[in-house]
Visitor: 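What follows is a single structure, and I will ask about it in a moment.
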There are 2 protein chains.
Amino acid sequence: MAITVNQIAQKCGVSRTTVLRALNGGGSVKKETKEKILQVAEENNYRPNLLARSLNHGRTMSLGVVTINIENMYFVQSLNTINKEADKRGYFTNIVVCDESLEWERKLIRGLAERQMEGIMINPLNQGSEFEEFLLSLHIPIVCIGNQVSEKITTVQVNEMAAAMDAVELIASKRYEQIVFVCPPLEVQGQQNIYVHEQRLKGFKAAMGIHCGLHSEVVGKKEFLPDIERILSGNPERRTAFLCSGDSYALTIKQWGEKKNMKIPEDFGLMGFDDISVLQYISPKLTTVSTNLEGVAAAAVVELIQQIDSEEYSPKSIILNYKILDRDTL
Amino acid sequence: MAITVNQIAQKCGVSRTTVLRALNGGGSVKKETKEKILQVAEENNYRPNLLARSLNHGRTMSLGVVTINIENMYFVQSLNTINKEADKRGYFTNIVVCDESLEWERKLIRGLAERQMEGIMINPLNQGSEFEEFLLSLHIPIVCIGNQVSEKITTVQVNEMAAAMDAVELIASKRYEQIVFVCPPLEVQGQQNIYVHEQRLKGFKAAMGIHCGLHSEVVGKKEFLPDIERILSGNPERRTAFLCSGDSYALTIKQWGEKKNMKIPEDFGLMGFDDISVLQYISPKLTTVSTNLEGVAAAAVVELIQQIDSEEYSPKSIILNYKILDRDTL
DNA sequence: TTGTAGGCGTTATCAG
DNA sequence: CTGATAACGCCTACAA
């Protein structure tokens with residue numbers, strides 16, 4: 001379809017080498033020849049075939065990103081940042097979306113590898129040693145964002161455990177008598193990567209150990225609203241706050257509470273995690289934890305490229321700062 | 001880094017042809033040879049270099065998608081659908097994000113073309129004949145989603161004008177006395193592609209021509225809240241509804257109204273456009289128009305692939321159904 | 001200033 | 001059953 005260097009050479013009656021020199025400016029070319037070549041290239045919309053070029057010198061200058069479930073919005077916010085940071089360093093970013101299926105994720109990662117991405121960023125859904133081996137067998141620089149897979153693979157994250165502990169501190173300081181931790185189904189542990197939630201849960205439990213005077217409960221199910229209802233109606237006068245491992249859980253509870261004509265924070269306290277961008281449209285402002293999505297994304301790119309560039313690279317665990325956002329729902 | 005067919009051939013003491021036959025299963029290979037080859041390939045994690053393969057037979061089986069401003073969420077919802085539909089037909093989907101810059105968009109499109117995407121989907125930010133020429137000069141199948149660029153390039157959309165008219169009908173039927181149309185800054189017309197908003201505005205004006213007893217106004221500025229305030233306070237007893245060309249405008253107004261302790265729909269009516277996924281977290285439920293993001297996305301993929309497959313293709317304009325969602329803010 | 005030759009990794013064709 | 005050979009489009013020596 002598109003014109004090639006060879007064809008230009010033919011049209012101009014010169015060799016490809018000359019055409020390339022005129023186009024990419026290596027050596028010297030006679031003025032007239034050069035002009036003619038450039039003109040022909042222009043007229044025919046010449047545009048280099050990057051596949052061929054990459055094949056040749058073994059570099060694609062492209063990074064791959066595997067995104068989960070766009071609807072959840074977690075991670076999506078990072079995409080812009082990743083894109084810009086990569087571009088600054090001369091890399092093109094290819095994003096693929098993975099709709100919550102473990103197989104798809106593997107398939108996509110392999111697809112990116114086969115397309116010779118020089119490095120891949122994932123917020124992995126898979127986990128375990130088999131997946132670890134799979135990733136390692138690719139022999140491609142990889143950076144995990146958020147969820148950790150193994151110590152052999154660089155992960156960029158915030159200290160989720162400490163964040164959860166701080167969150168509990170904040171809630172406790174507001175004189176709640178009961179704190180309920182809401183997170184995704186815990187049954188999937190061992191199958192699906194819920195590392196960040198596990199870390200937060202650990203932090204929650206540790207903090208509750210300190211505040212042993214407080215009641216606590218963990219709700220980790222798909223259908224969690226019945227539990228919320230049970231908890232609130234079981235002991236209506238007890239001041240209860242929900243700490244949700246993910247803003248979307250908090251928003252769901254908020255929605256439910258409002259339908260029941262309950263006021264937040266008067267009737268119950270609510271706190272989320274991640275500070276997803278939708279929150280700007282929600283009032284009262286949700287108290288939450290900023291897990292520094294942009295910062296994490298930027299760091300991931302930097303680290304990935306460093307990994308690409310270095311001969312000897314040893315995997316790291318990069319921990320960034322989180323921030324407690326004390327807003328209006330506690 | 002990764003092992004190649006040639007290397008496998010060497011290791012096994014056969015020719016590449018034989019290796020390929022064993023791997024891809026063309027002709028027949030002696031059992032032992034085949035086993036050995038497969039074993040070596042397995043051990044060394046052989047994985048075909050798709051760049052080379054593509055270079056060879058001129059097909060990449062990849063589609064490119066250019067997404068705008070992820071934060072806005074419009075279009076983002078389509079990504080999953082695009083991905084799945086493309087996969088069904090054997091195509092890999094590469095997404096790139098464009099952060100609201102006209103130059104970036106061009107750069108990304110060119111990048112996708114140079115990487116030999118077989119087709120590209122865009123919700124274009126650019127517009128005008130120069131951009132049209134740019135796209136055509138690529139000589140690559142292209143489908144525009146939502147915003148139209150020109151009749152020479154296939155566009156998939158809903159009938160925005162009719163949708164806006166229906167929206168006005170709905171509002172009028174609820175006995176509002178004034179309808180205000182809120183849309184992005186109109187100054188950018190001619191520079192930036194706001195085709196869908198223009199269509200909706202046309203529909204709005206046409207419908208208001210029919211309902212000439214009603215007051216109407218158009219607000220198209222970046223900072224529109226002052227106008228909202230002016231309109232509402234200027235004539236407080238006049239029943240006013242805002243028809244927003246985009247749910248995010250509606251959410252912003254809703255947010256503002258609630259801060260002022262106004263009730264919706266008691267104090268003013270509110271209607272959006274697009275039915276973005278965030279709405280699930282918002283109450284009262286926003287009345288809006290479903291612009292059938294998933295349907296549009298699916299149709300775009302089908303059309304793009306058809307364009308790729310056919311020798312003779314003439315650009316079309318594909319119009320899908322929209323749906324008025326009469327919910328709780330009118 | 002210009003051209004020739006070889007290679008990147010894969011595939012297709014044709015000949016043994 | 002197996003193996004040369006050429007080709008995809010680009011790039012880099014090396015030679016003229």
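Below, each value reflects all heavy atoms present in this structure, side chains not excepted, and no hydrogens, waters or symmetry copies. Every chain is numbered from 1, with letters handed out A, B, ... down the list of sequences.
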Visitor: Look at the side chain of B:N6 and decide which nucleotide, out of D:dC10, D:dT2, C:dT10, has an atom nearest to it.
Guide: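 Closest nucleotide among those given: C:dT10.
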
Visitor: Of A:L50 and B:G13, whose closest DNA chain D nucleotide lies nearer the 5' terminus?
Guide: B:G13

Visitor: Is a side-chain N or O of A:N193 found less than 3.5 angstrom from the main chain of A:Y195, in a donor-acceptor match?
Guide: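 Present.
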
Visitor: Nearest-Å distance, CZ (A:R16) to C1' (D:dT12)?
Guide: 12 Å

Visitor: Please report the distance, rounded to the nearest Å, between CZ in A:R21 and P in C:dG3.
Guide: 8 Å

Visitor: Round to a whole Å and report the spacing from CD of A:Q7 to P of D:dC8.
Guide: 9 Å

Visitor: Answer with base, sugar-phosphate or nothing: what part of the nucleic acid does A:S28 contact at a heavy-atom distance below 4.0 Å?
Guide: base

Visitor: What nucleotide among D:dC8, C:dG3, D:dC10 has an atom nearest to a side-chain atom of A:V14?
Guide: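 So the nucleotide nearest the side chain must be C:dG3.
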
Visitor: Between C:dG9 atom C1' and B:I8 atom CD1, what is the distance in whole Å?
Guide: 11 Å

Visitor: Across the strands shown, which category fits B:N56 at heavy-atom distances under 4.0 angstrom: base, sugar-phosphate, nothing?
Guide: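 Base, at least one base heavy atom under 4.0 Å.
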
Visitor: Does D:dA4 have OP1 or OP2 sitting under 4.0 Å from an N or O in the side chain of B:S15?
Guide: no

Visitor: What about A:T17, does its side chain sit under 3.5 Å from the base of C:dT4 through a donor-acceptor pair?
Guide: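 Check passes, donor-acceptor contact within cut-off.
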
Visitor: Are more than 12 heavy atoms from other residues, nucleotides or ligands located less than 6.0 Å from atom CZ of B:R89?
Guide: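 Counting neighbours around CZ of B:R89, more than 12 heavy atoms of other residues, nucleotides or ligands fall under 6.0 Å, so yes.
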
Visitor: If I take atom NZ in residue B:K30 and atom C1' in nucleotide D:dG3, what distance separates them, rounded to the nearest angstrom?
Guide: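 Checked: the NZ to C1' distance equals 14 Å.
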
Visitor: I need the residues from residues 37-46 of chain A with at least one non-hydrogen atom less than 4.0 Å from DNA chain D; give them sorted by number, or say none.
Guide: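 A:Y46, in order of number.
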
Visitor: Whole Å only: how far is the NE2 atom of A:H57 from the P atom of D:dA13?
Guide: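 Those two atoms, NE2 and P, are 13 Å apart.
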
Visitor: What is the distance, to the nearest angstrom, from the CG atom on B:L51 to the P atom on D:dC10?
Guide: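 It works out to 14 Å between those atoms.
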
Visitor: Select base, sugar-phosphate, or nothing to describe what B:T33 touches, counting heavy atoms under 4.0 Å on all strands.
Guide: sugar-phosphate

Visitor: Is the CD atom of B:E151 crowded by more than 12 outside heavy atoms at less than 6.0 Å?
Guide: no

Visitor: So that I can tick it off, tell me whether B:E85 and B:K88 are bridged by a salt bridge, with the cut-off set at under 4.0 angstrom between side-chain N and carboxylate O.
Guide: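 Result for this pair is yes, salt bridge flagged.
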
Visitor: Looking at A:F131, I'd like to know if the NZ or CZ of A:R106 sits under 6.0 Å from its six-membered ring centre while staying within 45 degrees of the ring's axis.
Guide: no

Visitor: In whole angstroms, how far is the C1' atom of C:dT10 from the CG atom of A:N49?
Guide: 14 Å

Visitor: Report yes or no: do B:S78 and B:T81 form a side-chain donor-acceptor pair below 3.5 Å?
Guide: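 No donor-acceptor contact under 3.5 Å links the two side chains.
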
Visitor: Please classify the nucleic acid contact of B:T4 as base, sugar-phosphate, or nothing, using heavy-atom distances under 4.0 Å.
Guide: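 Touches sugar-phosphate only.
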
Visitor: For A:K34, does the NZ atom sit with more than 12 other heavy atoms under 6.0 Å from it, leaving out its own atoms?
Guide: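 Atom NZ in A:K34 is not crowded, with 12 or fewer foreign heavy atoms closer than 6.0 Å.
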
